[in-house]
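Okay, structure first, notes after.
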Amino acid sequence: MRILVADDHPIICVALGEMLRVAFPSTLEGVDTVVDSDALLAHLASDAACDLIVLDLFMPGAVGSIPLLERVVALRPGLRVVTYSGANQPMLAQQALSAGAKAFVSKASGPEIALQAVRAVLAGQVFIDPRIDLDAARKHPWHTLTPGERGVIVALASGHHLHGIALDSDRSYKTVTAHKYNALRKLQLDSKTDLKHYLSQIGLGYLLGSY
């Protein structure tokens, strides 16, 4: 098999590559590396062999975070993906699994945990870093918002105003305002909350086109 390590930190590429070679001496044909998302997508769009990828969600390049993972999965359906991220928000981990990753590992846990994840994924299992509280993500009040309420919160966090959101979505100002305050109540936030910062904090900054 061939494994691709996608990470912009050379020391991680070297360390993981060596650990993988030691761990799979008889089955690993080679470890390839890329250091940004543009090179990663070009590699996957080519005929290059790849059986599993260890993916840093936050690399330089035109796309990152969950949209990058979605592009990877679209280019190589069925490719086993181990996300290896400097971020450790439970909501981000949950979104990564929903987007097609088979494992989520925080870099704070070290490369040994990443190796455990690779072993588990190769065995057909799903692996979550023990430091990630996935149950907290499942219980997060964000999931109680309606699609309309989520859309308004994301639009406000992106810098839009209620009148503009109403016009763009063909809804009344009253409806959009109700969505805003219902969402804030469910999230236990007040009207002065910096919504852009809030979404980034909980791991949903990618919804704004930021990572």
Side-chain angles (χ1 to χ4, degrees), residues 1-137 203 206 211:
M1 64 178 175
R2 294 196 71 87
I3 292 178
L4 177 63
V5 177
D7 198 294
D8 61 319
H9 295 89
I11 192 169
I12 290 179
C13 292
V14 171
L16 276 180
E18 185 58 30
M19 292 179 72
L20 290 166
R21 292 182 187 94
V22 171
F24 306 103
S26 61
T27 56
L28 184 61
E29 180 181 310
V31 178
D32 300 311
T33 62
V34 292
V35 296
D36 60 56
S37 64
D38 299 328
L40 167 62
L41 296 176
H43 184 94
L44 295 178
S46 71
D47 294 328
C50 183
D51 299 291
L52 180 144
I53 177 173
V54 179
L55 173 64
D56 180 0
L57 291 174
F58 302 97
M59 296 185 293
V63 62
S65 192
I66 301 303
L68 174 60
L69 175 57
E70 291 171 340
R71 291 279 297 276
V72 167
V73 172
L75 282 169
R76 294 285 184 101
L79 176 64
R80 289 166 288 193
V81 181
V82 174
T83 51
Y84 189 42
S85 173
N88 59 8
Q89 298 103 323
M91 287 278 282
L92 181 65
Q94 183 187 47
Q95 295 300 307
L97 294 177
S98 296
K102 297 300 181 185
F104 188 96
V105 179
S106 168
K107 287 184 178 180
S109 297
E112 297 82 5
I113 301 298
L115 186 57
Q116 288 183 30
V118 169
R119 290 185 184 276
V121 170
L122 289 173
Q125 302 167 7
V126 173
F127 183 94
I128 300 296
D129 190 317
R131 72 169 55 232
I132 302 296
D133 185 358
L134 204 57
D135 192 50
Y206 72 90
Y211 312 131

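Hydrogens, waters and symmetry mates play no part in the numbers below; they use all other heavy atoms, side chains included. Just so it is clear, the model here is predicted, and its values are computed rather than measured.
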More than 12 heavy atoms from other groups under 6.0 Å of CZ on Arg76: yes
d(Leu20 CG, Met1 CE) to nearest 0.5 Å is 7.5 Å
With heavy-atom distances below 4.5 Å as the criterion, would you say the side chains of Ser65 and Leu92 are in contact? yes
Could you tell me which non-hydrogen atom of Ser37 sits nearest to which non-hydrogen atom of Val63, and how far apart they are? OG-O, 2.9 Å
Side chains of Ile128 and Leu97: does their closest heavy-atom pair fall under 4.5 Å? yes
Which distance, rounded to the nearest 0.5 Å, do you find between the CG of Leu4 and the OG1 of Thr33? 7.5 Å
Where do Asp7 and Cys13 come nearest, in terms of heavy atoms and distance? O-SG, 3.4 Å
How long is the span from the CZ atom in Arg71 to the CD1 atom in Ile66, to the nearest 0.5 Å? 14.5 Å
Looking only at non-hydrogen atoms, find the nearest pair between Glu70 and Ala99 and report the distance. CG-CB, 4.0 Å
Should Phe104 and Leu134 be marked as a side-chain contact (heavy atoms from CB on, under 4.5 Å) after you check the CA-CA gap, both sets of side-chain angles, and the distance that decides it? CA-CA 10 Å; Phe104 188 96; Leu134 204 57; over 6 Å; no
Between Met59 and Leu68, is a side-chain contact (heavy atoms from CB on, under 4.5 Å) present by the stated rule, with each step listed? CA-CA 10 Å; Met59 296 185 293; Leu68 174 60; 4.1 Å; yes
Which atom pair, heavy atoms only, marks the closest approach of Asp38 to Gly61? OD2-CA, 3.7 Å
Do Leu79 and Val72 touch side chain to side chain, with heavy atoms closer than 4.5 Å? yes
What is the minimum heavy-atom distance between Met19 and Pro111, and which atoms define it? SD-CB, 3.6 Å
Taking it one step at a time, do Gln95 and Leu57 satisfy side-chain contact (heavy atoms from CB on, under 4.5 Å)? CA-CA 12 Å; Gln95 295 300 307; Leu57 291 174; over 6 Å; no
Quick check against the 3.5 Å criterion: does Thr83 have a side-chain atom that pairs as donor or acceptor with the backbone of Ala103? yes
Mark yes or no for whether Asp133, through its side chain, and Pro90, through its backbone, hold a donor-acceptor pair below 3.5 Å. no
Side-chain heavy atoms of Asp36 within contact of Asp8, under 4.5 Å: no
For the NZ atom of Lys102 and the CD1 atom of Ile53, what is their distance to the nearest 0.5 Å? 14.5 Å
If you apply the rule side-chain contact (heavy atoms from CB on, under 4.5 Å), what do you find for Ile3 with Asp51, and how did you get there? CA-CA 6 Å; Ile3 292 178; Asp51 299 291; 5.8 Å; no
Looking at every heavy atom in both Arg119 and Ala23, which two are closest together, and how far apart are they? NH2-CB, 3.5 Å
Flag the pair Tyr84 / Val5 as yes when at least one side-chain heavy-atom distance between them is below 4.5 Å, and no otherwise. no
Measuring from atom CG of Leu122 to atom CG of Leu28, what distance do you get when rounded to the nearest 0.5 angstrom? 9.5 Å
Do Asp129 and Ser109 have side-chain N/O donor and acceptor atoms under 3.5 Å apart? yes
Distance, nearest 0.5 Å, that separates CD of Gln94 from CG of Asp135: 10.0 Å
Within the structure provided, determine whether Val105 and Val54 are in side-chain contact (heavy-atom separation under 4.5 Å). no
Kindly indicate whether the side chain of Cys50, heavy atoms from C-beta on, has any atom under 4.5 Å from the side chain of Asp32. no
